[in-house]
Structures are given as C-alpha cells and as structure tokens.
Amino acid sequence: MELIITEKDNAARRIADILSGGTYDSSRENGVNVYEWGGKRCVGLSGHVVGVDFPDEYSDWRDVEPVELIDADVEKTATKENIVATLRIFARKATSVTIATDYDREGELIGKEAYEIVRDVNEDVPIRRVRFSSITENEVQEAFENPDDLDFDLAAAGEARQIIDLIWGAALTRFLSLSAGQLGNDFISVGRVQSPTLKLIVDREREIQAFDPEDYWELFADLAKDDTTFESQYFYRDEDDNEAERVWEEAVAEEVYDTLSSNDAATVVDVNRRTRTDAPPTPFNTTQFIRAAGALGYSAQRAMSIAEDLYTAGYITYPRTDNTVYPDDLDPEELLDDFVGHPTLGESAEDLLEADEIQPTEGDEETTDHPPIHPTGEIPSRGDVSDDEWEIFELVVRRFYATVAEAAVWEHLKVVSEVEDYRLKANGKRLVEPGYHDVYPYFSTTENYVPDVEEGEELALSDVELEAKQTQPPRRYGQSRLIETMEDMGIGTKSTRHNTLEKLYDRGYIESDPPRPTKLAMAVVDAAENYADRVVSEEMTAQLEADMDAIASGEADLSDVTDESREMLEEIFANLAESREEIGDHLRKSLKDDKRLGPCPECGEDLLVRNSRHGSYFIGCDGYPDCEYTLPLPSTGKPLILENECEEHGLHEVKMLAGRQTFVHGCPLCKAEDAGEGPILGDCPECGEEHDGELAVKTLQSGSRLVGCTRYPDCEYSLPLPRRGEIEVTDERCDEHDLPELVVHSGDEPWELGCPICNYQEFQARESDSGSDLEALDGLGAKTVEKLADAGIESIDDLTDADPDAVAEDVDGVSADRIRNWQAEA
DNA sequence: GCAAGGTC
C-alpha cells in the first residue's frame, strides 16, 4: 500500500481526487479522513502534528530559574495525537510513503515530522517527497511522476527557528512574569515577532505623546468662469522652492486674506493638463487581502476567518499566501467564463471577456507554495453564505476581475491664478477611462471638476476663507497597516501576523481599534529595550533568516546556529539578573496604572478596576483594607478605561467591551448616583392589591435596569429590561396586564419592547421551547441558547467540546471568554 | 500558564 501524506485534509482530498480520477472512497480513522483508491491511501495532517517543548522538570515556573531554560533540552512531542496515531497505523502497513506537504520551508519541516513518525514504526519503507505549487491536475501528476527526496537541511532550518523562538520566548517571558509576580493567566510575554510588533505600536504612541502641535493657516477662495464655481487654494514657494499651502505666521495669513478679500478677480497664469495611467491592482496575497477587507470594515482576524470558511467550502483558493503572481495553469478566460450569466457578478465578467487580450497583473512576489487568493469558479448561491461571507467573496472575485482589467486613465488639470502677488491653485481630476474601476468599485473615483480655462483669462473671485488649523500628531496604526508593516519588516508570516495582533490584545498589551498600547506594554518595551534590545528589534528575525538560509544551503549546522543564539541570550541574562527588582517594580507600577480610574471619594487614594472571583469586575480602592469603598461595574464585558475624565468626580469613564454588545458605561460614580427608581408603570401583580406595591423602572448601581416593585426588598417581583438604550414609556397600555408599552431607543432604530410582562412571558416560552440543559448555566438566557443552537451547540456536552474562539466567531455577541466561563462552569 | 509556526 502506498501512503500519501499532505499538510491538510483539504489537500489530501483534492490530491486523491486528481490521482484517482474521482474514484476514491473516503473513511474516517480516529477522526481523521482517509482517502483510498487502488492500493493507495491519502491522509492529511493539520499542519504541525508535533511541537517542541522543554522536558517536564522545567515546567514549574517558580522552581526553575529562567536562565536554566537556555541550556535545557528541547523535545518534540505529539500535539495532534489522533493524527499521529492514524499515521502510525498506516505507516506500519505501507510499502512506500510519499510526502506531499506544502512547497515551502515550514512544509518541509512538517514533512520531516511525518517522516520521523513513519520511520519510528517502519524502518525500511521508502519515503519520497513530491513538490507542487498548486493542486492542479498537471502539477500534481507531474510531481508524482518525478518524486524527489526530503530536504533535511531545509527542515533543519525550520527546527533552528523553533528552538531559538522557544528558548528566547520562554526564558524572557518567565523572567519578566516572575519579576513582576504575574503568574497564571496574567503572565507577561515576550517573543521574536510579538515584541517588535508591540514596539512599533509603542513607538508611535511615544511620538503622539511627545507631539507638540503647531498653529498654521490655510486660505481658500472660490473662482468662477461663467456660471461654474470651483475652489482654489492659496500657495507660495518655501525656502526650498517647493509649493507650500500652510502659512505659519498669522500676520502673513491675514495680509494674504486682506489682499484676496479686497479683490474680485484673479488672472489665470498657468494651465497644466496631463493624463495619468492608473494601473489595475496586483493579485491578492494575504496582507493585501486583509487590507482591502479592512477598508470594508473587517478586522484582520474576522477577514481571515471568513476567507478560511470560503476556502473550506471551495469558493476561493487558499487564503494564506505571499504569492502575487498567478500560476501558469490559471486560465483567466476560463475562470471569467464561470461567472458569465451570474445575476450580480456576470456582467463584469462578460465585459472583461470582450477584451482582445487578457493579461493579468503581477506583483513582486512569486512563491512556490500557493497561488494568490482568487475565486475557484465555484459560486455560492446567495442563501448558502452570510452577508459578510458574500461581501468578502465578491471582494475576492472583483479583485480577480481587476487584475485582468484595463488600466484606468485620469486627466488632471491644474489651474494657477494670481491676485496681485499671491497665487491660487486648483487641482481638477476626471476619470476619462474608468478601466478596472468598473469591475472593482472599492477605490475612490471621486472627481474634482475644474473648468477649462486659458492663460490670461480673468476669473471672478469670491468667498475668501481663512482657516486656522493645527498640525496633528501622527495617527495610530490600524490593524491592516500594522500587518503591512510587519510584512515590510520581515517579521511573522502570512499565517501568523493577524494572530500576533490578537495575542497582543489577549495579553493586555493593546486595547481598542486602532490599537492603543497599555502602560504595561510601554513598560515591557522599555524593559526589553534596556536589557534585551534584540528581542524587540526586527534585526533578530533578519539574522535568523540569514542563519536559516545558511543551514538550508548546507553552509551551517543547526547546532552552530542555536549554540550561538544561546550564547547571546546568556549575555542578556547576565545583565538582567541584577535589575530584576527594578524591572519588576516598573512593571507592577504600570499594571496598576492601567487599572487606575481616579481618586476615591472617601479617602483620596486611587480607585482601581479589580477582578471578582467569577471573572466579573468591580471598582475598589487602593487603600483597601483600610478603605472599603467600592463601585459596581456591569456584569457583561471587560472594562476599558477611556481617556475621558468625568468633570464632577475626576474619574475616567469606562467602556464595557463585549464584542458587538460593547457599550459605554460612563463615569461609574455618576452611574451609582443616578441609580434609583424611574417612572411608575402600574400596580405590582404580586402585591399590588394587598399592599399597594407598584412597578417602576429601576436602575441598579451596576448600571443595569429592570422593572421592579417599589416595595423591594419586601416584594421581590421583577422583570428584565435590555441593558442598552433609553426606555420610553408610551401612552399605549397592554389590555391584559394594564401596563404601558415600552419602546427602547438604541442604535439607529427604536424598537418596541411592548408590555414588560408580555415580553417576559414570551421570553420564558422560548426558553422552555428550547428545552436545552444549557440554560442551567449562569448568564445564559433563552436568546443566547437559541443563537448557540443555530451554531450547532444544543447541549452542555456540545459546549464543552466546542472551540471557544470558533464559536465566538459564529455567534454574535458571545465572546470566547464568556464561552470559556461557561465551559468552566459546566 | 512561556514562542512561533502550521491548521480548524
């Protein structure tokens, strides 16, 4: 039996399809798909199925000095045991083995991992390696006709990276965490990729903080030819003879203003026309895809997750690629043909097919592993995918269209006019040939109309405006800019860059979007810059890449490279040791700064955000236990301290982050003071007759609201209200319960909640319909149960088996952390 | 409970 091993299940299936001519059978072994035909079996791995780690005796952070990790052994252990087990079963029976992992360095290493698993149970079986750049009939057939051998040097290059990353990352992470006493979930991490990325964000923040704004002025005036008015801007020549629009002295600006205002005509002194070719964009690699999706409002993580789903469903090609050159076997016309006749995507394809010649654009990067991201020709019907998935699918289709479309042509018209000694300019642009913009409507094609005028012509001058402005600090990096910059710096890979950003969020290093560094992040970068500069610099990756190339080409040994790296880290630790306390103090102080809200109204010490036992949060005084002052926080979400301060109490406002249910809580002390009873709705159904209890809209100290009885705590009758939005009490009354109907104003559209009792009864009815044991879990209401059921999670068992991050992606308003809490509770 | 790299 011949055993074929690929990097992922998807590739295994497609290769089986090609090699068997569509006649393969599939079965499952240990939860792993196995494709079988004519004496061959094909099995897909799931990327790395083994990982590197230190032996068990190093696993207790407190027992082992971080420096000891530098010379510790590094072992390989199975991380995907079911796949390893399946591989072993078939390897025993195999008469030949073919490794068909991805055609790149990491693929070679994954191939070597499979090789070792096979060798372990079968000493003699021949093991070959095939390489192909895309899974197409021709490439795959040819690769299997000409098998090669594994490149052990290339795999060793990857192993060197694994070892160096583990040692540096683990030793430094443990050192910082121990120095600050941050163990358990709140450890302080450092790594070759995450730390330079964090430094990028921190450096920008430092620039923003050091920024000193400067005043300047700009002047505009309207010019008119016949009835057409257009805007013109004052400019002058600066000392380097460049055109400049910003006037740095107020007196000068006013003088120009006075002169312009006292004239009613300007003379055209220069007219400059030129055409500009606007070349169509290059094929999508991962980074450019993330950027384009980012412009549509998708986070990097979300864009990749949708792309992954579209890939798995067969609609687009593999989404993790650096390649920006289509492979030879992609026939653009054939692919366009697949879209002909489609109700929304067809017209563009038909237009493109009319061209005499179709020549796709090419980017700078041509790699061997996967093609650029493009549609496969398989088109989902509108009901098969969500709106977001469709939007991303259309983006990928239209990007492909754009790469085979004509260039656009712009006509630029610059008109310079003169008023006494001052000059005004107007830049017009017109899209004369829309070209690719017709099929790719994601770029701006805004035109700016400036009429055709001639030199010497007189134009009417009016509406002179003097605008006082200030220079702005540099902007924070957005997620896609960060990913692009990481790519430019050569850190991370197409598959990991977006995860690295997510990691920085998880570690409490960045908050919000665009990401803003926390005080902790600033302190970590400070410490690294002072003591382990290398780990926050892109240089470490550059050196590693060079070393890996040397190993791959046989010029260096894995042990030469890792030994040298170990020595460098030893030196770093020699310096670190003395400063352990100083570093720890700084980190601890920064951690506290990140939680600081402002002065305690009772004792004047600082109020801090604190964790309660169950993963929720409250506000407590730093003076505890002497001062026991506390304030509540809402139970949903994770608090983010905003820059805004409440004028009355001097406390920072708080926002609660909970995915799409994120809301601003405001000043927690104001909230507490506002707590109390709102409008009376009617008699309490429980104690109204006997004790005259009445129902009122109540705001609790935590900011959450409910309808409750005025006789609380003697009567505990209550009805839930939504967390967000203003509650309006209308004049309509419910016939059955004699209570007013309520309307909730949140977002753009107010919605009718109706009678609060009817609303609650419906809610309960749904809850009992669902009949799910999930409701036993804390904070899991009927609505969420319903949403989880839609995502295929119908019971506690389903929930405990689920991957929290995947579920959070699928279910609106449910964060991975909440799922983990429920899993823990279950 | 450390990294980064695959994949889901």
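Every chain is numbered from 1 and lettered A, B, ... according to where its sequence line falls, protein lines coming before strand lines.
OP1 and OP2 of B:dG6 both lie 4.0 Å or more from every side-chain N or O belonging to A:Ser46. Phosphate proximity of B:dT7 to A:Ser495: present, with a side-chain N or O under 4.0 Å from OP1 or OP2. Considering only side-chain N and O atoms, A:Arg507 lies under 4.0 angstrom from the phosphate OP1 or OP2 of B:dA3. Not one side-chain nitrogen or oxygen of A:Gln162 sits closer than 4.0 Å to the OP1 or OP2 atom of B:dA3. The shortest distance between the side-chain N/O atoms of A:Thr493 and the OP1/OP2 oxygens of B:dG6 is below 4.0 Å. For B:dA3, the OP1/OP2 oxygens have no side-chain nitrogen or oxygen of A:Arg161 closer than 4.0 Å. Taking only side-chain nitrogens and oxygens, A:Arg320 never comes nearer than 4.0 Å to OP1 or OP2 of B:dG6. Between A:Ser189 and B:dC2 there is no side-chain polar atom (N or O) within less than 4.0 angstrom of OP1 or OP2. Between B:dC8 and A:Lys80, no contact under 4.0 Å exists linking OP1 or OP2 to a side-chain N or O.
Taking the 5.5 Å centre cut-off and the 30° plane limit, the aromatic side chain of A:Trp61 is classed as stacked on B:dG1.
Distances were taken from every side-chain heavy atom of A:Thr173 (C-beta onward) to each of B:dC2, B:dG1, B:dG5; the shortest belongs to B:dC2. When distances run from any side-chain atom of A:Val193 to the nucleotides B:dC2, B:dA3, B:dG5, the shortest one goes to B:dG5.
With 3.5 Å as the limit, one finds no donor-acceptor pair spanning the side chains of A:Thr324 and A:Asn285. Looking at A:Trp61 and A:Ser177, their side chains never bring a donor and an acceptor atom within 3.5 Å of each other. Side-chain polar atoms of A:Thr86 and A:Glu29 form no donor-acceptor pair below 3.5 angstrom. A:Arg128 and A:Thr98 share no side-chain donor-acceptor pair at under 3.5 Å.
Among the atoms of the strands shown, only primed sugar atoms or phosphate atoms (P, OP1, OP2) are found under 4.0 Å from some heavy atom of A:Gly492. Contacts of A:Arg174 with the nucleic acid, taken as non-hydrogen atoms under 4.0 Å apart, include base atoms. Counting non-hydrogen atoms under 4.0 angstrom, A:Val190 reaches the backbone sugars and phosphates but no base. Among the protein residues, A:Thr312 comes within range of no part of the nucleic acid, since none of its heavy atoms lies under 4.0 Å from any strand.
Across the protein-nucleic acid pair, A:Lys8 atom NZ and B:dG6 atom C1' stand 9 Å apart, rounded to whole Å. Rounded to whole angstrom, the span from the CD atom of A:Glu65 across to the C1' atom of B:dC2 amounts to 15 Å. Separating the CG atom of A:Leu198 from the P atom of B:dA3 is a distance of 13 Å, rounded to the nearest angstrom. Rounded to a whole Å, the CD atom of A:Glu113 is 10 Å from the C1' atom of B:dG5. Summarising the geometry, the separation between OH on A:Tyr311 and C1' on B:dC8 is reported as 11 Å, rounded to the nearest angstrom. Taking atom CG of A:Asn185 as the reference point, atom C1' of B:dC2 lies 13 Å away to the nearest angstrom. Protein atom CG of A:Asn10 is 17 Å distant from nucleotide atom P of B:dG6, rounded to whole Å. The distance from atom CD of A:Glu106 to atom P of B:dG6 is 5 Å, rounded to the nearest whole Å.
At distances below 3.5 Å, not a single donor-acceptor pair connects side-chain atoms of A:Asp563 with backbone N or O atoms of A:Asp560.
Each of A:Leu166 and A:Tyr318 was matched to the nucleotide of DNA chain B holding its nearest heavy atom; the match closer to the 5' end belongs to A:Leu166. Comparing A:Asp60 and A:Ile110 along DNA chain B, the residue whose closest nucleotide (by nearest heavy atom) sits nearer the 5' end is A:Asp60.
In the interface, the side chain of A:Asp9 is not paired with the base of B:dC8 through any donor and acceptor atom under 3.5 Å apart.
With sequence neighbours excluded, no residue satisfies side chain to side chain donor-acceptor pair (under 3.5 Å) with A:Arg119. Considering only residues two or more places apart in sequence or on other chains, A:Asp186 meets the salt bridge (charged side-chain N to carboxylate O under 4.0 Å, His left out) condition with none of them.
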